[in-house]
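Reviewing the structure listed below.
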Amino acid sequence: MVITVSFIDNTRNPTGSGGKIMVAAMNIGHRFLAGWGLEFLDINDGASILDCGCGGGANIKKLLGMNKSVRVNGVDYSEVSVAKARAVNRAEIAGGRCEIVRASVIELPFTDAAYDIVTAFETVYFWPDLWKSFGEIRRVLRNGGTFLICNECGDRVKGKKWTDKITGMTIYDGNELKNTLEETGFRDIQIHENGRGCLCVTARN
């Protein structure tokens with residue numbers, strides 16, 4: 001099978017039939033990364049959580065299953081991703097524990113200080129303005145809330161094989177993310193890496 005550039009670009013903004021294949025594959029392929037990253041997150045009873053760039057909704061489902069008292073919303077700018085995430089979490093949406101909307105992280109459709117936790121799995125690579133995006137996440141996070149970033153790749157050199165193929169993708173290392181987080185007002189920033197080259201960063205509002 002020859003993978004074309006247009007299909008690979010569905011990692012950034014899934015569209016059409018190729019996008020449907022991509023989000024289904026991501027739901028399976030990112031399980032290890034999500035499981036590892038969530039080890040660094042404390043989830044209190046009744047927490048309100050937002051998953052930015054929620055893709056196919058597998059991480060929303062995982063978060064909802066970790067604590068039956070939490071509410072988890074999702075946002076993504078891809079229509080295909082939103083549709084898949086809603087299908088995966090249909091029961092919890094019907095039960096009022098979840099809402100998934102189409103929007104950009106640069107302009108989140110939520111009130112100030114609405115969430116205790118914001119997560120971003122495999123998505124900050126594609127955010128067009130990291131500084132503005134982090135500022136918007138700070139706006140919707142409550143004081144003392146946690147922002148978790150989890151990326152499969154945190155090395156620009158190793159990630160070049162992907163950035164050369166995927167339009168608009170940027171790999172950030174831990175220090176780059178830490179510096180931008182600090183510039184936008186986050187504190188207590190922790191950087192975690194594993195033997196596979198995965199990167200997880202947590203920060204406090």
ask   = Hey, any chance Tyr125 and Leu130 share a hydrophobic cluster, counting ILVMFWY side chains that come within less than 4.5 Å of each other, even indirectly?
value =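 Shared cluster, no.
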request  = Please check if Ile189 and Val124 belong to a single hydrophobic cluster, counting links between Ile, Leu, Val, Met, Phe, Trp and Tyr side chain heavy atoms closer than 4.5 Å.
outcome  =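 Yes, it is one cluster - the side chains of Ile189 and Val124 are joined through contacts under 4.5 Å.
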Within the side chain of [X], is there an N or O that forms a donor-acceptor pair under 3.5 Å with the backbone of [Y]?
X: Ser48; Y: Tyr115; value: no
X: Asp188; Y: Arg204; value: no
X: Asn89; Y: Cys98; value: no
X: Arg102; Y: Asp76; value: no
X: Arg142; Y: Ala114; value: yes
X: Glu92; Y: Lys61; value: no
X: Ser81; Y: Tyr77; value: no
X: Arg97; Y: Val70; value: yes

query = Can you name the closest pair of heavy atoms from Thr163 and Ile171 and give their distance?
reply =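 Shortest heavy-atom contact: CG2-CG1, 3.6 Å.
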Say you draw a straight line from [atom1] of [X] to [atom2] of [Y]; how long is it, rounded to the nearest 0.5 Å?
X: Arg196; Y: Phe32; atom1: CZ; atom2: CZ; answer: 4.0 Å
X: Ile137; Y: Ile106; atom1: CD1; atom2: CD1; answer: 10.5 Å
X: Phe134; Y: Leu181; atom1: CZ; atom2: CG; answer: 4.5 Å
X: Ile191; Y: Leu177; atom1: CD1; atom2: CG; answer: 7.5 Å
X: Thr180; Y: Ile149; atom1: OG1; atom2: CD1; answer: 9.0 Å
X: Cys198; Y: Leu33; atom1: SG; atom2: CG; answer: 5.0 Å

key: Asp112 CG: over 12 foreign heavy atoms closer than 6.0 Å   =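 Enclosed: over 12 neighbouring heavy atoms sit under 6.0 Å from CG of Asp112.
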query = Taking atom CZ of Arg139 as the centre, does the number of heavy atoms from other residues, nucleotides or ligands within less than 6.0 Å exceed 12?
reply =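 Yes, the 6.0 Å shell around CZ holds more than 12 heavy atoms from other groups.
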task = Find out whether Leu41 and Ile117 are in side-chain contact, i.e. whether some heavy atom of one side chain is under 4.5 Å from a heavy atom of the other.
result =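 Leu41 vs Ile117: side chains touch.
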Result of checking Asn59, Thr119, Asn73 against Asp51 for side-chain hydrogen bond (donor to acceptor under 3.5 Å, both in side chains) =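 Between Asp51 and the candidates, side-chain hydrogen bond (donor to acceptor under 3.5 Å, both in side chains) is satisfied uniquely by Thr119.
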key: N-O pairing of Glu182 and Lys178 below 4.0 Å   =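 So Glu182 pairs with Lys178 through a salt bridge.
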